[in-house]
Each structure stands twice: as structure tokens, then as C-alpha cells.
Amino acid sequence: IGDALATGLQRERTEGPSTSLEQPSGVLILAPDSEPTFSTPAADEMLSALHDTDARTGAHLPSPVAAAVAGLRANGKPRQQVMSPTPLGLIAIEASSGGSDGSVAVVLTLQRPTGPPTVPADWPLTPQEREVVQRLISGDSNRAIAEALFITENTVQTHLRNIYGKLEVTSRNQLLARLFHGSA
């Protein structure tokens, strides 16, 4: 834990403070009485977002952080993690024992959404078919695919028939099942 904290603090010192969450993680150190003794600028920004969504007013720690710390102290495990939605996005709050004195280290990490998967390189598709599949993966309708690719809906349907034949599937659902599970 100490090495991770040292690395995070060194990175923040080297790269400068983050005011727009360029750094997706922040560090908060709490004394045994749960009073903050240290926090990085990224942690301050995420704490502010957590306070904005917290029903408890006037508390020095937002509810999700307090819950992670309480869970850590109650269950005796080395770590306790809580997730909380905020206006910045989903924040992971991980509390770890900071030492024998009862201090707690809290790492706040903004969870960046991942994009849709890409079409596997080994699928035997033409560039146009790959584009159709990529848009299908993203949830586009046939009409939206047609508009984006400047083709007709009939052409989209033709591409889909060809794609289904090449991949040995019969529907969108089977294509997506093959993509996510490797089977039809």
C-alpha cells in the first residue's frame, strides 16, 4: 500500500496537480478518528463530487467514503471497496489500513467507461462489412447504419446477410453472442 501511495504521490508531484481530473485517481489519508490528514487535488475534486450527491449534509466525509472506512474497520479485511455514481462518473473508493495506529488510506478512482468492443481481426469480412458490424455493436439500427455510411437500408440488409453467412449466424443476437462469448 505504501509503495502504491508513494508512486501516486510522486506522479502527481511530477505531473502537477489535476484540476480537471486528468489523473483518474486521488489519495486521501485519514487519521484514526477519520479526520482527513492529507489529500491530493484529484481526491479533493472527487470528494467534492461525492459530497454533491450525498444526502448527509455537514459530514466531513461523504457517505460512500465513510461506508468504505466503516466496512474496513468492521470486517477486518485488508481492503474495502465501494462504488458510487457522481456527476463526474462512477468513482471506486478503496479503503486500506494505513498502519497500526488506525489510520486509513483511501484511493478514489474515476472509472472511465470503456467503448464497445471492436470487430475481431480474424473475422473474414470486407472493410464495409466491418464498418456495418462495428456500428451494429454500438447499437445502431439499420437506418442509422445506412445514414452513417451513406448507403440504403437495403444495402445494409444485404451486408448483414453476407456477414451472417460468413460468420455462420442467423441474427444480430447470434452475432453479438459470437462476439462476446465466442459462440453462436
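- Thr40 places a side-chain N or O within donor-acceptor distance of the main-chain N or O of Val27, the cut-off being under 3.5 Å.
- In this structure, Pro87 and Ala49 approach most closely via the heavy-atom pair CD-O, 4.0 Å.
- A distance-only check finds no donor-acceptor pair linking the side chain of Gln80 to the backbone of Ala70 [under 3.5 Å].
- Applying the salt bridge (Lys or Arg N to Asp or Glu O under 4.0 Å) rule to Arg143 yields the partners Glu153; only residues at least two apart in sequence or on another chain are considered.
- Partner of Val69 under the side-chain contact (heavy atoms from CB on, under 4.5 Å) criterion, chosen from Leu28, Ile93, Val82, Val104: Val104.
- Residue Ile145 holds its CD1 atom at 12.0 Å from OG1 of Thr152, rounded to the nearest 0.5 Å.
- Here Met83 sits in one hydrophobic cluster together with Leu90; the rule is ILVMFWY side chains under 4.5 Å apart, joined directly or through other members.
- Taking CD1 of Ile137 as the start and CD of Gln134 as the end, the distance is 4.5 Å to the nearest 0.5 Å.
- Looking only at distances, a side-chain donor or acceptor of Thr86 sits under 3.5 Å from a matching main-chain atom of Leu88.
- Note that NE2 of His159 is 11.5 Å distant from CG of Asn142, once rounded to the nearest 0.5 Å.
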Run the side-chain donor-acceptor check on residues 125-132: report pairs under 3.5 Å with partners two or more places apart or on a different chain.
| residue | atom | partner | partner atom | Å |
| --- | --- | --- | --- | --- |
| Thr126 | OG1 | Glu129 | N | 3.1 |
| Thr126 | OG1 | Glu129 | OE1 | 3.4 |
| Glu129 | OE1 | Thr126 | N | 2.9 |
| Glu129 | OE1 | Lys166 | NZ | 2.7 |
| Glu129 | OE2 | Lys166 | NZ | 3.3 |
| Arg130 | NH1 | Pro120 | O | 3.1 |
| Arg130 | NH2 | Pro120 | O | 3.4 |
| Arg130 | NH2 | Ala121 | O | 3.1 |
| Arg130 | NH2 | Trp123 | O | 2.5 |
| Glu131 | OE2 | Arg135 | NE | 2.9 |
| Glu131 | OE2 | Arg135 | NH2 | 3.4 |

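- Side-chain contact between Ser171 and Leu176: absent, with no pair of heavy atoms (C-beta onward) separated by less than 4.5 Å.
- Without hydrogens or angle criteria, Thr37 side chain to Ile29 main chain gives a donor-acceptor distance under 3.5 Å.
- Scanning for side-chain hydrogen bond (donor to acceptor under 3.5 Å, both in side chains) contacts around Thr170 gives Gln174, with sequence neighbours left out.
- Side-chain contact check for Gln157 versus Asn154: some heavy-atom pair is nearer than 4.5 Å.
- In this structure the side chain of Leu50 reaches within 4.5 angstrom of the side chain of Leu108, judged on heavy atoms.
- One distance of note links CD of Glu35 with OG of Ser103; it measures 14.0 Å at 0.5 Å rounding.
- Between the Arg178 side chain and the Leu167 main chain, a donor and an acceptor come within less than 3.5 Å of each other.
- Proximity of Leu179 to Val133: side-chain heavy atoms (C-beta onward) are nowhere separated by under 4.5 Å.
- Nearest heavy atom pair, residue Gln111 against residue Ala92, reads NE2-CB, 3.4 Å.
- Among residues at least two apart or in separate chains, salt bridge (Lys or Arg N to Asp or Glu O under 4.0 Å) pairs with a member in residues 82-110 are Arg79-Glu94.
- Partners of Ser39 according to the side-chain hydrogen bond (donor to acceptor under 3.5 Å, both in side chains) rule, which considers only residues two or more places apart in sequence or in another chain, are Asp44.
- Annotation: side chain of Ile163 is not in contact with side chain of Leu136 (no heavy-atom distance under 4.5 Å).
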Practice problem: Check step by step if side-chain contact (heavy atoms from CB on, under 4.5 Å) holds for Leu61 and Leu30. | Solution: CA-CA 10 Å; Leu61 286 179; Leu30 302 174; 3.9 Å; yes
